[in-house]
Amino acid sequence: MSVTILQPKAHMSKFDGGKTIDYDKMISRLEVVRKKLNRPLTLSEKVLYSHLDKPESQEIVRGKSYLNLRPDRVAMQDATAQMAMLQFISSGIEQVAVPSTIHCDHLIEAQTGGKDDLARAKDINKEVYDFLATASAKYGVGFWKPGSGIIHQIVLENYAFPGLLLIGTDSHTPNGGGLGGLCIGVGGADAVDVMAGLPWELKCPKVIGVKLTGEMSGWTSAKDVILKVAGLLTVKGGTGAIMEYHGPGTESISCTGMGTICNMGAEIGATTSIFPFNERMRRYLNATNRKEIGDAAAHYREQLLTPDQGCQYDQLIEIDLNKLEPLINGPYTPDLMTRVSDLGETAKKNGWPLEIKVGLIGSCTNSSYEDMERSASIAQQALDHGIKAKSSFTITPGSEQVRATITRDGQAQTLSAIGGMVLANACGPCIGQWNRKDVKKGEKNTIVTSYNRNFTGRNDANPGTHCFVTSPEIVTALVLGGRLDFNPLKDSLTGSKGEKFQLQAPNGKEVPPKGYDPGEDTYQEPPKQPEKRRAVSVHVDAASNRLQLLSPFARWDKKDLVDLPVLIKIKGKCTTDHISAAGPWLKYRGHLDNISNNMFIGAINAENGEANKLKNRLTGEYQPVPDVARQYKAKGIGWVAVGDDNYGEGSSREHAALEPRHLGGRAIIVKSFARIHETNLKKQGMLPLTFNNPADYDKIQPDDTISLTGLAGLAPGKPVKAVIKHKDGKKEEISLNHSFNDQQIEWFKAGSALNRMADVFAAEAKH
């Protein structure tokens with residue numbers, strides 16, 4: 001008698017209508033790849049290649065070939081979902097092809113506290129929330145209402161699983177790597193491709209291994225691991241690569257701690273980050289009512305969810321957690337690393353303001369139950385000695401589930417008791433949604449956060465704010481001292497009775513002993529029946545200043561781009577915040593023309609060292625950047641922008657590519673690009689080009705014109721010839737590189753990837 005052994009099955013989530021995780025299909029695809037490559041595979045390769053669209057015909061060369069992939073799901077936050085859904089609507093498709101969700105977390109401004117701020121946001125953003133809710137219902141997308149929490153925490157709690165391939169319209173999507181998935185940040189156009197049922201294209205990433213040994217203890221936290229890696233690799237050291245953590249040290253990090261490390265991999269430009277499946281993940285899956293996923297993952301662990309013995313990394317970093325000290329990075333860049341024990345001396349040496357005005361904990365990077373409990377353990381020591389924070393202090397729970405649980409278990413009350421204000425379950429100050437009133441714009445000041453980014457003006461639109469990122473427990477300790485030269489590891493505080501005491505190292509459980517309290521139900525399920533979805537009306541008012549239906553970009557006219565003026569030559573760092581600011585501009589993310597009024601307003605003009613002030617070639621006057629671009633566009637004049645290294649680092653916001661395209665831009669010429677932004681430019685029909693010789697950046701002057709010739713012969717690997725014409729009439733010829741493949745060249749010719757998709761669907765309909 002034969003016995004059939006049933007393989008364990010697990011549902012993708014409780015929201016996906018019975019869909020199960022098909023580990024067997026993933027392994028069968030992987031076996032095809034194993035036979036082709038005939039070598040041990042890294043964990044990253046196993047998960048990525050098991051999602052290939054056609055593994056039998058796929059060329060696989062790390063760092064060179066382009067992969068066509070089939071992601072398991074799509075996640076979008078509300079600020080980027082507006083443009084993504086507007087693009088999806090224009091495609092004419094009736095229903096998303098893969099499970100997809102929208103999360104309302106970016107549009108809630110921190111002012112007076114969670115309850116009031118949420119109510120105000122629902123009122124101010126009603127038009128946008130109604131649009132997203134109805135579009136979700138009509139096209140089969142799950143909708144998480146405002147107050148649900150931050151997208152990445154919701155994904156970790158509900159949707160992430162070991163072996164997952166997810167794309168998300170936010171650069172911190174890699175947070176899901178804490179549960180052993182490959183979760184990759186993309187622009188909205190990429191999300192549209194996947195929702196439309198098309199394969200998703202990704203340049204085959206290199207793999208950087210991070211071997212962790214030893215064990216974390218005391219003040220050291222998971223945040224210190226990624227702060228260390230950022231300090232070692234810098235903000236562009238992970239570009240084009242997946243960060244793969246492995247080694248015995250991974251066992252000493254909680255699942256949410258692994259999420260923290262993966263989340264902030266975005267700050268080094270990594271494609272994504274991942275940890276191997278282990279018991280810490282299984283513990284978290286059990287705690288979030290997904291035991292069956294943990295059981296199934298354990299069955300497939302060796303085949304799919306851990307690296308092969310003898311696998312090779314393109315680069316290897318080793319970190320001994322026994323020797324790792326608490327770190328703090330900043331100001332103005334997330335890779336400027338300082339040991340907390342050296343912070344006071346370093347701050348004095350550099351002239352950083354010593355007084356800490358505000359400490360802020362939470363964000364998508366550090367807002368788990370464990371984070372809040374470790375911070376509360378520090379706060380409780382202060383309360384035991386009768387003292388409160390010397391700095392202002394805010395707390396952002398990562399989700400409604402975390403908020404409800406820390407309220408039930410008392411951590412929220414403890415943090416409030418030292419002077420903390422609990423904000424809404426949202427991004428808040430981390431993305432500039434902060435109505436800050438304690439300092440004037442331009443005033444030098446210091447804030448410390450457990451966030452991920454600290455670019456100039458990122459949190460409060462004040463270029464004088466020195467922002468430092470560290471762990472939430474170090475932030476909590478620092479606000480008790482009130483100064484950067486307070487070392488919580490060895491300095492004493494003074495209690496209310498005059499007694500001296502030292503803070504003891506934080507402690508906290510990784511999951512709540514009593515289980516999670518789900519809190520308020522904030523999920524809207526789309527109608528299951530097609531007829532009910534079709535009956536849903538999605539309305540966009542033509543007079544709205546928040547939403548605007550999209551018109552297709554013009555197709556390439558098959559001519560070279562001749563005598564394009566340099567709109568702006570940018571000096572130094574140019575992130576997506578510099579190209580398309582967040583904060584108060586978030587309200588226009590669904591209206592391309594209105595949000596284009598922030599294009600390049602934060603970028604520094606190399607001609608005068610100022611932001612948002614450049615010479616209009618038509619009038620000779622100095623004007624704001626968007627005003628000049630609009631005048632060029634009105635006259636039918638295309639233009640180019642010139643930039644430095646790692647152009648477009650930071651957020652995945654595709655508005656930083658849409659706005660230049662909308663206002664007449666044709667090419668962006670830089671020393672190097674950040675991955676997501678380069679793809680976003682291609683998707684919108686722009687030419688992202690890099691200097692073959694980086695020194696050629698210095699040849700271009702702000703009043704030059706540039707001609708890009710030979711475009712009819714644009715081909716993969718073939719440089720583009722550029723002719724620089726100077727004001728005195730002299731010309732110089734330089735060579736520019738690009739990373740277009742054949743399919744991406746078709747995007748350029750069609751005017752955008754969306755136009756090309758429409759062409760393909762139209763051709764299929766004829767046949």
Side-chain angles (χ1 to χ4, degrees), residues 63-64 66 171 185-190 201-203 236 239-240 269 271 553-554 556 560-561 564 566-570 573-576 578-580 599-600 603 629 638-694 696-697 700 706-711 713-722 724 734-756:
K64 292 185 179 180
Y66 281 86
S171 58
V186 298
D190 277 346
E201 183 184 75
L202 176 72
K203 192 170 189 178
K236 62 177 183 177
T239 303
T271 300
F553 288 130
W556 177 52
D560 287 341
L561 301 175
L564 302 179
V566 175
L567 175 71
I568 183 171
K569 181 181 179 182
I570 298 160
K573 186 185 281 282
C574 188
T575 71
T576 49
H578 293 86
I579 305 166
S580 175
M599 186 188 73
F600 288 128
W639 49 263
V640 302
V642 177
D644 213 314
D645 260 322
N646 208 29
Y647 177 91
E649 71 172 279
S651 164
S652 69
R653 66 192 69 151
E654 66 181 336
H655 300 78
L658 281 161
E659 292 172 34
R661 182 75 164 101
H662 175 64
L663 293 187
R666 305 305 306 272
I668 307 292
I669 305 170
V670 301
K671 293 180 182 178
S672 65
F673 285 101
R675 175 192 64 86
I676 299 175
H677 186 63
E678 182 181 24
T679 301
N680 286 345
L681 288 167
K682 292 176 183 177
K683 287 274 186 178
Q684 303 308 333
M686 295 281 285
L687 287 173
L689 305 169
T690 56
F691 295 105
N692 183 57
N693 179 3
D696 288 344
Y697 168 88
I700 298 176
I706 296 177
S707 297
L708 302 173
T709 63
L711 295 181
L714 185 65
K718 181 181 178 182
V720 171
K721 185 172 78 172
I724 306 167
I734 63 172
S735 181
L736 301 174
N737 298 326
H738 65 83
S739 61
F740 281 96
N741 62 23
D742 287 323
Q743 176 175 290
Q744 294 167 349
I745 290 170
E746 293 302 316
W747 300 344
F748 168 70
K749 291 178 178 178
S752 71
L754 198 61
N755 289 355
R756 176 62 182 161

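All values below were derived from every heavy atom in this structure, side-chain atoms included, with hydrogens, water molecules and symmetry-related copies excluded.
Residue I676 holds its CD1 atom at 12.0 Å from CG of L681, rounded to the nearest 0.5 Å. Put simply, OG on S580 and CZ on R653 are 6.0 Å apart, with the number rounded to the nearest 0.5 Å. Put simply, OG1 on T576 and CD1 on I579 are 6.5 Å apart, with the number rounded to the nearest 0.5 Å. To the nearest 0.5 Å, the span separating CG on D696 from OG1 on T690 amounts to 11.0 Å. The structure places CD of E678 at 13.0 Å from NZ of K683, a figure rounded to the nearest 0.5 Å. A distance of 11.0 Å separates CD1 of I706 from CG of L561, quoted to the nearest 0.5 Å.
Between F691 and Y697, the ring-plane angle classifies as perpendicular under the 30° and 60° cut-offs. Using a 30° and 60° split on the angle between ring planes, F600 and W639 fall in the perpendicular class, above 60°.
Between the side chain of N755 and the backbone N or O of F553 there is at least one donor-acceptor pair closer than 3.5 Å. At distances below 3.5 Å, not a single donor-acceptor pair connects side-chain atoms of R666 with backbone N or O atoms of G638. Proximity of a side-chain donor or acceptor of Q744 to a complementary backbone N or O of N741 within less than 3.5 Å is detected. At least one donor-acceptor pair under 3.5 Å links the side chain of H738 to the backbone N or O of A715.
Nearest heavy atom pair, residue Q684 against residue R661, reads O-NE, 2.6 Å. Residues P660 and H655 come closest through the heavy atom pair CD-O, 4.0 Å. The two atoms that bring T271 and G240 nearest to each other are OG1-C, 3.8 Å, heavy atoms only. Residue L689 comes nearest to A667 through the heavy atom pair CD1-CB, 4.4 Å, listed as atom of the first residue, atom of the second, then distance. Residues A750 and R756 share a closest heavy-atom pair of CB-N, 3.8 Å. Heavy-atom minimum distance, C574 versus A603: SG-CB, 4.3 Å.
Between the side chains of S672 and N646, no donor-acceptor pair is found at a separation under 3.5 Å. In this model, a donor atom of one side chain and an acceptor atom of the other lie less than 3.5 Å apart for K682 and S739.
For the pair N692/I734, no side-chain contact is recorded, criterion being any heavy-atom separation below 4.5 Å from C-beta on. Counting heavy atoms from C-beta outward, L567 and M599 have side chains that approach closer than 4.5 Å. Looking at heavy atoms from C-beta onward, H677 lies out of side-chain contact with I668 at the 4.5 angstrom threshold. Between L202 and R675 there is a side-chain heavy-atom pair separated by less than 4.5 Å. Residues S735 and N693 have side chains not in contact (no heavy-atom distance under 4.5 Å, counting atoms from C-beta outward). L687 is not listed as a side-chain neighbour of V720, based on a closest heavy-atom distance of 4.5 Å or more.
Partner of V566 under the side chain to side chain contact (heavy atoms under 4.5 Å, CB included) criterion, chosen from I669, V640, I724: V640. Each of K236, K569, K671 was compared with D644 under the salt bridge (Lys or Arg N to Asp or Glu O under 4.0 Å) criterion, and only K671 meets it.
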Output, in order, the C-alpha distance, side-chain angles, deciding distance and verdict of side chain to side chain contact (heavy atoms under 4.5 Å, CB included) for E201 and Q743.
-> CA-CA 10 Å; E201 183 184 75; Q743 176 175 290; 3.7 Å; yes
Start with the C-alpha gap between E649 and K573, add the side-chain angles, then the distance that decides, and say whether side chain to side chain contact (heavy atoms under 4.5 Å, CB included) holds.
-> CA-CA 9 Å; E649 71 172 279; K573 186 185 281 282; 3.0 Å; yes
